[in-house]
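Structure first, then comments.
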Amino acid sequence: MMTNPAHMRIDALVKANDVILFMKGSPLFPQCGFSSKAIAILDHLNVAYESVDVLQDMEIRQTIKEYSDWPTIPQLYVKGEFLGGSDIMMEMYEAGELQQMVIDEGLAKAEG
Amino acid sequence: MPMQAEQIENMIATALPGAQIAIQDLAGDGDHYAAHVIWSGFAGMSRLARTRAVYAALGGKMGGDLHALQLTTAMPE
């Protein structure tokens, strides 16, 4: 599995970015309700994040589901670790866990 | 082939014996549901593990026939 090029591309992206969201559409134009909910949460957290539009890259769209053993999009990764989709992001946000993670991991965007 | 609410409920109930399951049809198109699952078996499971347990119960339908399932999980009070 590890030699699959898409798998390696995902792995590189996940490791190269502290916060990365694989989504449908872009932060400005999310193409699905769950993806826009995930973006809204990230914007509220004031963290710098990278996003990948899986609708523009079918290979990544298919492989990401095996990579994380998770059948749906969006998918959030923080510091190389898969966190979950928009439901789990919402639950964590409501419990203040995402805000705590931003502090603990020093992910807040620099002010100014 | 979209899924019916009862079908989703039965699949989850079969895999998570004794779970309390509330299914809400969000769009009336058999494709967008919300589900709230309360199950004692979630004890000690992370959020990811809980959701994976429900996805497993849906036997690969998640992301296929079932396009969107807004899922929340909880332990019994």
Side-chain angles (χ1 to χ4, degrees), chain A residues 6 10 14 19-25 30-41 52 54-55 57-101, chain B residues 1-3 5 7-9 11-12 15-16 19-77:
Chain A
I10 293 168
V14 163
V19 181
I20 185 164
L21 183 75
F22 292 81
M23 64 178 292
K24 289 178 180 172
Q31 298 300 308
C32 137
F34 294 106
S35 286
S36 57
K37 195 193 280 189
I39 288 295
I41 291 170
V52 174
V54 301
L55 298 178
D57 191 326
M58 280 309 161
E59 218 186 23
I60 283 201
R61 182 176 184 179
Q62 240 9 69
T63 309
I64 192 89
K65 296 176 183 176
E66 289 134 34
Y67 180 84
S68 55
D69 179 27
W70 190 263
T72 55
I73 299 290
Q75 295 187 15
L76 179 68
Y77 295 75
V78 175
K79 294 264 181 172
E81 225 188 291
F82 176 57
L83 222 70
S86 55
D87 292 338
I88 283 179
M89 284 176 71
M90 185 56 85
E91 268 183 53
M92 292 180 76
Y93 182 78
E94 281 161 358
E97 288 174 27
L98 282 185
Q99 295 83 331
Q100 193 54 51
M101 183 181 281
Chain B
M1 214 280 288
M3 289 181 74
Q7 201 181 347
I8 298 169
E9 193 171 334
M11 290 178 90
I12 297 174
L16 311 181
Q20 286 172 282
I21 303 152
I23 308 273
Q24 198 194 342
D25 186 339
L26 297 176
D29 59 2
D31 231 1
H32 296 77
Y33 288 98
H36 184 59
V37 182
I38 300 170
W39 187 44
S40 55
F42 285 144
M45 289 171 81
S46 69
R47 286 195 177 90
L48 273 182
R50 291 184 191 188
T51 304
R52 284 204 169 101
V54 176
Y55 282 171
L58 293 170
K61 297 271 190 203
M62 201 49 237
D65 287 356
L66 185 48
H67 166 66
L69 178 68
Q70 195 172 305
L71 179 61
T72 49
T73 59
M75 289 282 296
E77 290 306 315

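Throughout, protein chains are lettered first and strands after them, A, B, ... in sequence-line order, and every chain is numbered starting at 1.
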Suppose a student defines contact as a heavy atom less than 4.5 Å from any heavy atom of chain A. Which residues in residues 39-49 of chain B would they list? R47(B), L48(B)

Taking a cut-off of under 4.5 angstrom between non-hydrogen atoms, the residues of residues 53-64 of chain B near chain A are Y55(B), M62(B), G63(B)

Any chance you could measure L69(B), atom CG, to D87(A), atom CG, to the nearest 0.5 Å? 7.5 Å

Measuring from E94(A):CD to T72(B):OG1, what's the distance to the nearest 0.5 Å? 10.0 Å

So, do Q70(B) and K37(A) sit near enough that their side-chain heavy atoms are less than 4.5 Å apart? yes

What part of L83(A) is in contact with chain B, defined as an atom under 4.5 angstrom from a non-hydrogen atom: side chain, backbone, both or neither? backbone

